[in-house]
Structure formats: C-alpha cells, structure tokens
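Written below as structure tokens is the structure these notes are about.
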Amino acid sequence: MTDSPIRDENSKAEGSRALNFIEEIVEENLREGKNDSRVHTRFPPEPNGYLHIGHAKSICLNFGLAQRYGGKTNLRFDDTNPTKEDVEYVDSIKEDVRWLGFSWDDREFYASDYFEQLYNWAEKLILDGKAYVDDQPAEEISKQRGTVTTPGVESPFRNRSIDENLTLFRRMKAGEFAEGSCVLRAKIDMAHVNMFFRDPILYRISFTPHHRTGTKWCIYPMYDYAHGQSDYLEGITHSICTLEFEVHRPLYDWFLDQLTTTAYRPRQIEFARLNLTYTMMSKRKLLELVKNNYVKGWDDPRMPTISGLRRRGYTPESIRSFADRIGVARRDNIIDVSLLEFSVREDLNKKANRALAVLNPVKLVLTNYPEGVTEMLTAINNPENPEAGSREIPFSRELYIEREDFMEVPPKKFFRLFPDGEVRLKYGYIIKCDEVVKDENGEILEIRCTCDMDSKTGGLTANRKIKGTIHWVSAKDAIDLEVRLFDRLFKTPDPEDYPEGGDWKDNLNPESLKVITVKGEPSLRSATVLSHFQFERIGYFNVDPDTTAENIVFNRTVSLKDTWQKVAQNEG
RNA sequence: UGUCCUAUGGUGUAAUUGGCAACACGUCUGACUCUGGAUCAGAAGAGUUCAGGUUCGACCCCUGAUAGGACAACCA
C-alpha cells in the first residue's frame, strides 16, 4: 500500500472495475478528510457457529476495502451472549479468515474486552436519567412494546429515581437477582416509529459462564448497546454490516451521541447479504443439519461453510474471485451456485495437476498388443502450466476405460468408441473396436480392440485425425480409490420454498453424496491430503483428510464443464 | 394497514453524477485441440417495474402507483 490514503494509480489499475457504493462512500469520506482520512474496518462474527460463504463475502469486503485504501481491519468477536457461544467457534473462525488469505495482525478483539467500559457507560446513562431498571418479565415487556403500527406502553418502573436505578443496576451486576428477573433499559420513547427506540434493553442477566470472562460477569450487554461502542473504542471508520441492521442504525448513532463527544465517528453502512441457489445460508439451520447428522459436521464438503468448501477442494483464490465477481449492492440477490463453481474451475484449471482415473470402469483388451509387457508413457502434468512437468504412466494390454465412453449404437456426433470405430487413448495409441463380449444379460464384460502400433504419441501415424480421445488406466497397475461424489445439498433452488405443512429439510437432496470405488493411475498413491487434481475429462478432485495408507479418498470438487452431456440431451 | 429500504438482459453488477445502457457468468454459433476441458473469434438477449411531471435531453431529478424486502428475542 502507499502512503496516500487515496487510491493510487497502481491500485486503480489492479481494480479497474467500477467502484461499488461502499467504495464510493469511502472515497467521499477520504476527500472530506473525515476521521483524519483513516479507513479502518472490522469483521465482527459472533462465535456461535462456523463461517459460511456469505461471511466470506463480508470478509473479502471488509479486508479488501482496507487493503485498497491503505487501512486496517480488526477481527472482533461479538461475544455478548455466553449461552450460544463457544471457543470451538472462535478457533474455527480464525482459521477460516486466515485460510481465505487475510490478516488482522495483532488486532484480535472481543466485545467482552469492553465489558468494563460498557458497564461504566451504562452507569452514565442512568446518571443522565436515560436508563432504568425494569423488573417486569420478558413477556410483559414484549407485550408493552406495541406493534409496528401501534405505540407501546410505558413500563411502571420507568420513572424510578436515579439513585434507585443505580443501586438496582449495581445489585444486578453483583449477582443478587435471578436470570430474567430484571433488565436495564434505555429510556427513550415508547411511541417511536422505530421499534428499536421503544426503551431497548441494554443489559440482561445470565449466569452461564462466558468462554472468555468466565463468571466475572453475570450481566451482559445486548448487541445494539455493544456494537457501536465497540466500533468506537477500536477507532472503526466504516462499520459494514448486512441490510437487516439498517433499522438499527439510528440507535447505533443514538448511543454514540449520548456517550461520546469527539469529532471522530464510525459510520454504519449496510449491504445485501449473499444468497445462493440450492444453498442454505441460515447459521441456525446449518447448526441443525450438523446437530441432527444430516451432514457429517460443519466441514462436510456439502456444507456452504468455509471449512466445508475447503475440504471440498475450493481454493481461497476461487472464493475471493467469486466475491469480487458478485459485487456489492443494496438490493436482494440470489446468485446462481454455478457462478461459484465457475470460479473454482477457473482457478483449478491453472493449478491442478492432471491424472487419469476411470470412475465407471469396463475392461478393454488390446488383442494385438504383446502380453506381459508394461510400457511407460509420458503424460503432461498440466497443459496450462509447463513448469508442472510430466510423469510416466504404465500402459499394457488390458486397460479400463469409462463405460460411458463406449456405445454399441452411437448417436450422431458421438466421437468416442463404438464397433469399428477408432479412438485415441490419451498419451497412447489409436485403437479400433473389433468386438464386444457380453454376459447372458447383455451386460458388456469386455471390449476387444486392435491397436495401431505406430500411432503412439510421437509415432509414425500419431497425427492421424481422430475425433475422440479417451482416458484409460492400465488394469494390472491401477489402484483403487474411494471417490465421494457430491451433489447439491438441496433439491430446490430455494431450500426455504416448501409446501404448506412441510419443512425446509424436506428439500434435502437424498443423493447429495455417492461413494464409489474407482480405478486410478498408480501415481495417485502418493497424493497428499488436500492436494488438487483434475481427473482428465471428469472433473476436479482433492484428497480428503479421511485418507489412510490403505484407503485413498478423493472428493469431487466440481465436474468439468460437460458440453457433450448438453448435446446428448438436446438430441433427445 | 405504519416507517424505512430496494427495483436495469436468464443471473449479478455498471453507466465518470442529466447526454440515446456496459461488463461478467450463462446461452447460441464457429475456429482450434491427443481433455467434448481450456483457449480464440463472433452472435443473440434489457430500452432500465408502471403512469405522470421537470428538461433540448431522464436509468439517473420530482409526484403517484405497483412489486419485493426489513422492523414488534432478555439473539446477533
């Protein structure tokens, strides 16, 4: 980054796209010299679940903005509710943000770091006559709040004296009252059009130990009371959140107006959250999927969590480029998952080494190829990256090819193998199908071919024009691999769209996971966990952590774009 | 029967602040290819939710409608 807080020519070049509305605001603030022309953002997750792709959008936004304008981004855990939060989640969140490629340096903060200051501010509000202790039960308070079209009713405890409120609040803090017996409320306006101004609750009592402060506190601040002040204490300039907090903004500003006097002021800006087709983004419902074993954990490769995507084989770069592509705006949006898939393919195409693997094998015998001979053929590791080099793969008389690559009665434009047809074996020879051996049920047992012995890559007849090239694996050299084929977790584009009396879980796709055993080239034996491969003509796969010495497990990240499937479908 | 937000090709995002709508993905052609991948070339697809108004000129400003969303946890 440069010394200038304003975007320089370099960063302008790298981000040649048009500014989004938040960048527009930031640049305007920079021009005005607001907040000493600082840009300081924060990513404020509540540690009550794992981060998902929607959070990734927010992370990219917050950290990206700071990077672009030479600012900083804090990681702040919004840990004001001990009943829902846990260290397991703070650890996973840190890992995920780091994995995505962002650094908060030493600025790892917690809302709980500010409990003391927040408490003192609460006493100030009481002293100013702007807060009071309410002894009513939750239901009563809720009832008195009124509705969006009718004003609320004032609490009978609303006009307690300052002294009484102060004493009561201190006793709340001291643990003298039971959970739910009383709360601290701001004294604003029970008839306000904005429901959040109808004497919002500031503090409630909870004796659940907090994952950081233990049992030191038994009163905890509510989100509205904690968030803006935390931003303020950290010197945040642009507090970016999703649209549902828009209604909270006036209250966010109100607290700061009551409590602070400096010219510096953080500004809350809301954007539309990410929605993806065929994807559930609700943290609560993702938790339900995990808790009730609909999936195998937060990092199940079918989950839209960062950890799930990572295990599935997504790269940080692919997620960042996705976040970049979808943009940032204020209108509700539903992005097609295929755009996410496009982003991984694009990245993996450049990075993943190729390998040959046959998912649905059928035996193929080269009748004119010598028996007992194994010849090594040279295969390119990655045509997109010459530096990836090459490797040797064994070839012999008996091979496996993909069952789908052979058809007895080929449709038009089928340029794979069929009786009397020719096809090229990748990195190998051109072969011709002579005979098909079937069992009594008509199931193909074996395909018998002759091999043009001069057609090996680099050979005399190697450059003959052959329409199709198929992949293969040497039968006696192939190794068995466990492959997990994932499909979308939900059957419907909108998982929340279910018939009356139904449940969103009815939309779960029962075929979202298929486990098969496939034949892979022997070099795959040494594949390291989480490394990426493209199985040629099939798709991108990565090694699952479940892999053991005896059992190598591959996850299908995403299939290759399949034009043939489309053609075949259109042919009917 | 309230307040606020939003409305641009199939999807998403732009339009240098009022000068006859661009980009990405997708779709469709064609070329190339020892991956029906990738790559390359090209095409179709919106006249900006609707109705008025201001203006020489409106996606942009004004008015009204319509549609979608947010808001009544001791959640965040």
Side-chain angles (χ1 to χ4, degrees), chain A residues 17-20 24 44-46 48 78-81 83-85 111 134 136-139 141-152 179-185 192-196 198 201-206 219-220 222-224 226-227 241-250 270 272 277 283-284 324-336 338-339 341-343 345-346 349-350 354 356 380 383-384 413-416 423-428 430 455 457 462-463 466-471 534-540 559-568:
Chain A
R17 70 181 159 73
L19 300 184
N20 64 47
E24 211 84 67
E46 184 190 10
N48 68 342
D78 226 329
D79 56 349
T80 56
N81 185 359
T83 63
K84 290 187 175 173
E85 296 151 9
D134 194 340
Q136 299 184 104
E139 313 79 70
I141 290 176
S142 171
K143 215 181 298 168
Q144 287 169 1
R145 187 140 25 224
T147 72
V148 288
T149 51
T150 60
E179 284 183 9
S181 62
C182 55
V183 290
L184 183 72
R185 288 229 257 171
H192 201 109
V193 284
N194 185 330
M195 299 290 291
F196 292 104
R198 325 249 259 226
I201 290 168
L202 269 31
Y203 274 90
R204 77 290 213 186
I205 298 170
S206 173
I219 56 171
Y220 292 90
M222 299 288 288
Y223 168 85
D224 283 309
H227 202 90
C241 59
T242 46
L243 244 28
E244 61 268 32
F245 292 99
E246 186 177 1
V247 209
H248 297 244
R249 191 184 345 128
E270 312 86 16
T277 56
K283 242 176 165 184
R284 208 200 86 232
D324 213 55
R325 230 181 295 261
I326 59 177
V328 181
R330 279 175 69 84
R331 60 174 144 167
D332 294 331
N333 60 83
I334 304 170
I335 309 276
D336 199 319
S338 60
L339 186 61
E341 295 172 344
F342 166 83
S343 299
R345 284 197 192 100
E346 178 188 52
N349 177 47
K350 292 180 298 191
R354 315 285 125 127
L356 300 187
I380 305 296
E384 304 293 322
K413 293 192 204 160
F414 181 84
F415 32 98
R416 275 120 101 148
V423 81
R424 187 190 303 274
L425 295 173
K426 181 82 182 175
Y427 303 124
I430 295 168
S455 66
T457 304
N463 293 328
I466 297 294
K467 279 168 298 203
T469 298
I470 63 172
H471 58 102
Q534 184 201 98
F535 290 173
E536 296 212 36
R537 303 211 307 133
I538 304 285
Y540 295 99
S559 61
L560 243 35
K561 185 176 164 193
D562 191 350
T563 308
W564 164 243
Q565 195 180 44
K566 216 180 310 178
V567 172

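Just so it is clear: chains get the letters A, B, ... in the order the sequence lines come, proteins before strands, and each one is counted from 1.
Interatomic distance, CD of E179(A) versus OG1 of T83(A), reported as 8.5 Å (0.5 Å rounding). Residue D336(A) holds its CG atom at 8.0 Å from CD of E341(A), rounded to the nearest 0.5 Å. Atom-to-atom distance recorded for I466(A):CD1 and I430(A):CD1 is 4.0 Å, nearest 0.5 angstrom. Between L425(A) atom CG and I470(A) atom CD1 the span is 5.5 Å, to the nearest 0.5 Å. The line from CD1 of I380(A) to CD of E536(A) is 9.5 Å long, rounded to the nearest 0.5 Å. The distance from the CZ atom of R185(A) to the CG atom of L202(A) is 10.5 Å, given to the nearest 0.5 Å.
When the C1' atom is compared between U49(B) and G37(B), the two are found 41 Å apart, to the nearest whole Å. To the nearest whole angstrom, the two P atoms, one in C61(B) and one in U29(B), are 41 Å apart. When the C1' atom is used for both U3(B) and A21(B), the distance is 34 Å, rounded to whole Å. Rounded to whole Å, the separation between the C1' atoms of U27(B) and G10(B) comes to 9 Å. When the P atom is compared between G57(B) and A43(B), the two are found 34 Å apart, to the nearest whole Å. Across the C1' atoms, U11(B) and U54(B) are found 35 Å apart, a figure rounded to whole Å. A distance of about 14 Å separates the P atoms of C20(B) and A15(B), rounded to the whole Å. Comparing the same atom, C1', in G68(B) and in C28(B) gives a spacing of 32 Å after rounding to whole Å.
Taking the ring centroids of W564(A) and F414(A), they lie under the 6.0 Å cut-off.
Across all strands shown, R198(A) has no heavy atoms under 4.0 Å from either base or sugar-phosphate atoms. Among the protein residues, Q534(A) comes within range of the nucleic acid bases, having at least one heavy atom under 4.0 Å from a base atom. In this structure, I334(A) reaches the sugar-phosphate backbone alone: every heavy-atom distance under 4.0 Å involves primed, P, OP1 or OP2 atoms, never a base. Contact annotation for G468(A): no contact, since no heavy-atom pair falls under 4.0 Å across all strands. At a threshold of 4.0 angstrom between heavy atoms, the contacts of F414(A) include nucleobase atoms, whether or not backbone atoms are also involved. R354(A) comes within 4.0 angstrom of a base, heavy atoms only.
With a glycosidic angle further than 90° from 0, A67(B) counts as anti. Against the 90° criterion about 0, the sugar-base torsion of G47(B) places it in the syn range. Using a 90° window around 0 for the glycosidic torsion, U17(B) falls inside it and is classed as syn.
Here U66(B) sits opposite A7(B) as a Watson-Crick or G-U wobble pair (both hydrogen-bonding atom distances under 3.5 Å). The nucleotide A22(B) finds its pairing partner in U13(B), both defining distances of the Watson-Crick or G-U wobble pair being shorter than 3.5 Å. When both distances must be under 3.5 Å, the Watson-Crick or G-U wobble mate of C71(B) is G2(B). C61(B) is paired with G53(B) under the Watson-Crick or G-U wobble criterion, all donor-acceptor distances under 3.5 Å. Remark: U33(B) base-pairs with no nucleotide in the shown strands. Criterion, Watson-Crick or G-U wobble with two distances under 3.5 Å.
Protein atom CG of D324(A) is 13 Å distant from nucleotide atom C1' of G12(B), rounded to whole Å. Rounding to whole angstrom units, CD of residue E536(A) and C1' of A38(B) are separated by 11 Å. Going from atom CZ of R537(A) over to atom C1' of G36(B) covers 8 Å, rounded to whole Å. Distance NE2 (H192(A)) to P (C4(B)): 11 Å, rounded to an integer number of Å. N20(A) has its CG atom 17 Å from the P atom of G12(B), to the nearest Å. Distance CZ (F415(A)) to P (U33(B)): 13 Å, rounded to an integer number of Å. The CG atom of L425(A) sits 13 Å away from the C1' atom of U35(B) (whole-angstrom rounding).
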| said: Base contacts versus sugar-phosphate-only contacts with protein, heavy atoms under 4.0 Å: please encode nucleotides 17-27 of chain B as B, S and - from 5' to 3'. | reply: B------SSSS
| query | Once each nucleotide of nucleotides 39-44 of chain B is scored for protein heavy atoms under 4.0 Å, what B/S/- sequence comes out, 5' to 3'? | reply | ------
| task | Sugar-phosphate means primed atoms, P, OP1 and OP2; the rest is base. With that split, encode nucleotides 66-76 of chain B 5' to 3' as B, S or - using protein heavy atoms under 4.0 Å. | result | ---SSBBSBSB
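A salt bridge does not link E46(A) with K283(A): every distance from a Lys NZ or Arg NE/NH1/NH2 to an Asp or Glu carboxylate oxygen is 4.0 Å or more.
Under a 3.5 Å cut-off, the side chain of R345(A) and the backbone N or O of G539(A) do not form any donor-acceptor pair.
Contact detail for R354(A) and P383(A): the closest heavy-atom pair is CG-CD, 3.8 Å. Scanning all heavy atoms of the two residues, the minimum distance from L19(A) to E24(A) falls at CD1-OE2, 3.8 Å.
Side-chain atoms of L560(A) and D562(A), non-hydrogen and from C-beta on, never get closer than 4.5 Å to each other. In this structure, the side chains of R145(A) and I141(A) come closer than 4.5 Å at one or more pairs of heavy atoms. Within the 4.5 Å cutoff, side-chain heavy atoms of L243(A) are placed close to those of D332(A).
Comparing Y427(A) and A272(A), the nucleotide of RNA chain B nearest to each residue sits closer to the 5' end for A272(A).
Between T563(A) and the phosphate of G37(B), there is a side-chain N or O to OP1/OP2 separation shorter than 4.0 Å. An OP1 or OP2 oxygen of U6(B) is reached within less than 4.0 angstrom by a side-chain nitrogen or oxygen of R330(A).
Between Y223(A) and H248(A), the ring planes lie perpendicular to each other; the angle is over 60°, past the 30° to 60° tilted range.
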